[in-house]
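First comes the structure, then the notes that go with it.
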Amino acid sequence: MRVHLINPSHSAFGVAVITPRWLFVLAGATPRMYGDPLLVDESLDPFDPATVQPGDVVGISIHTGNALRGYDVGKAARARGAWVVYGGIHATLFPDEPRTVGAAHVVVTGDGDAIWATVLADCAKGAPEPLYAAGRVPGDQMVPARWDLMRRDKYMWASVQTVRGCPKHCSFCSVWRTDGQAPRLRGNEAVIAEVVELRRLGFRFIALADDNFYPVTRADLAQAGRRQDRTRLLELEAMRHDRLDLMRRMAGLPSDMVFFTQITMEASEDHEFLDAMRAARIKGALVGVEAITPAGLKDVYKGFNATGDALVARLRTFRAHDIHVLGSFIFGLPSDRPSTFGATAALANKADITFAQFLMLTPFPGTVDFDRWAAGVDAEQQNVDGIPYSRHWLIPRGRRPHVYTQHPAMSPDEIRQFTQRTWDQFYSIGSVWRRSKCVTSVRGRLAFVLVSKLYRQMYANTGITTDSNRMARSVKWSRWIAAPLQRLFAGTPMPGLEMPEAEVSEPAA
Ligand code: SF4
């Protein structure tokens, strides 16, 4: 019985930006008695069903964006006589769908880390359960990835997770509902061991693939203090201490390493945390700005963000600590008007952010926004060839409508055109070259320009455009540029690298 793990993708680029972490984690959770799993990342090369033999197990992880491709993979694997197992966020949200659409024998909901060995043992006995509700594993049971199975020359950045879950509750995000609002921190020793292994292999750039790297804010601590909730206060302080400890250890890693993560804007008010990030060489962070007006922030339940000059000041604070911001903005909020687009682009420039993404408000399954939107389109019985709009990911890609929430003042086409124009402005060659001054060497500036262009091609054009020629050109261009970039990011392997010393420090009393 051979184990196959497939990361489905509609487009293959030959080289990928970030390693799909789940693939290597589930490989790590596969007992050695089954041999090394065969890993297929379709963002590199397509899956070949001929590699599957009767009785093999094929594990497929799906999110909403790649679910339809995942179902094609599952059907092909089942036709070859394999046990077909689905997991991932989408399977967790819609556990019946992989069975009815994707020929599943088994669906695993929640984290696969601990349950995977049981699923495999049951398949080996020929009697798997149809559903395994795995729930959320605690941080100390999160499985380290099998990086020895990775194709080293195919990825620019590796990914290591340090925490799952986020205490916030943004209306457009499913993380707090699927991964939970109680942050689950991995042990720092396990995190550092993975980072060291990756640097030994030659990875200098690592994404900390966390839902929210900053799970305890100054405001959380103050609130627990005000409530005189000593137990909660100690718990929060321990968590904060753990984060700072992790960064102290990261500071002892080789000086050519660079990390990137995702945090909330509240971190800008916590200078001790930002100083620790600088020392740990966390040089980039995705910050969810979302909207630049109070009404926009209210639309997405993100009242803890700032607006106007205070927003500019907060974003600049990151830069003052040598942390480059990838600002994430959402367009199409009910309070947006045509003037919002230009004002957002102007703020992005004024705030000195290094990269930006401008997303159109999309009701993703698992979110509060989706529930509201789906109830509306279901009531109107909107569908394409009998497939309801509220299951839009099942509509063949060529016929799939772009799905947006109704807007009180603009049509979807207007929002799309304004959004595309904002990407065009922010990533015009002049603007990118001006921002590239943040690196000093010519080689570094050229790399910056290429990364900016790649980012824009991969995420803007393929996500927004309705023109299939433009989409095809984007994929071709990305394939062409990705290979040389991968070589720019690679470092010389350091097979003899030791673990950095663990400093013993006590949490504040
Ligand atoms: S958008 Fe970010 S801050 Fe908001 S719930 Fe999701 S992970 Fe948390």
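Read the numbers this way: they start at 1 and go in the same order the structure lists the ligands and their atoms.
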Residue pairs fulfilling ring pair (Phe, Tyr, Trp, His ring centres under 6.0 Å) with at least one residue in residues 276-297, sequence neighbours excluded: none

message: Has Arg249 got a side-chain atom pairing as donor or acceptor with Asn188's backbone, closer than 3.5 angstrom?
response: no

message: Let's test this: below 2.8 Å, count the protein N/O/S atoms around atom 6 (Fe) of ligand 1.
response: 1

message: Applying the side-chain contact (heavy atoms from CB on, under 4.5 Å) criterion to Val312, which one of Leu347, Ile292, Thr307 satisfies it?
response: Leu347

message: Can you tell me how the ring of Phe260 sits relative to the ring of Trp157, calling it parallel under 30°, perpendicular over 60° and tilted otherwise?
response: perpendicular

task: Hey, can you tell me if His169 and Tyr301 have their rings parallel, tilted or perpendicular (30° and 60° cut-offs)?
output: tilted

message: Between Glu194 and Arg199 (salt bridge meaning N to carboxylate O under 4.0 Å), is one present in this structure?
response: no

statement: among protein heavy atoms, the one nearest atom 2 (Fe) of ligand 1 is Lys302 NZ, 4.4 Å

query: In terms of atom number and element, which parts of ligand 1 are under 4.0 angstrom from non-hydrogen atoms of Thr264?
result: 3 (S)

task: Over 60° means perpendicular and under 30° means parallel, so classify the ring planes of Phe94 and Phe370, tilted if in between.
output: perpendicular

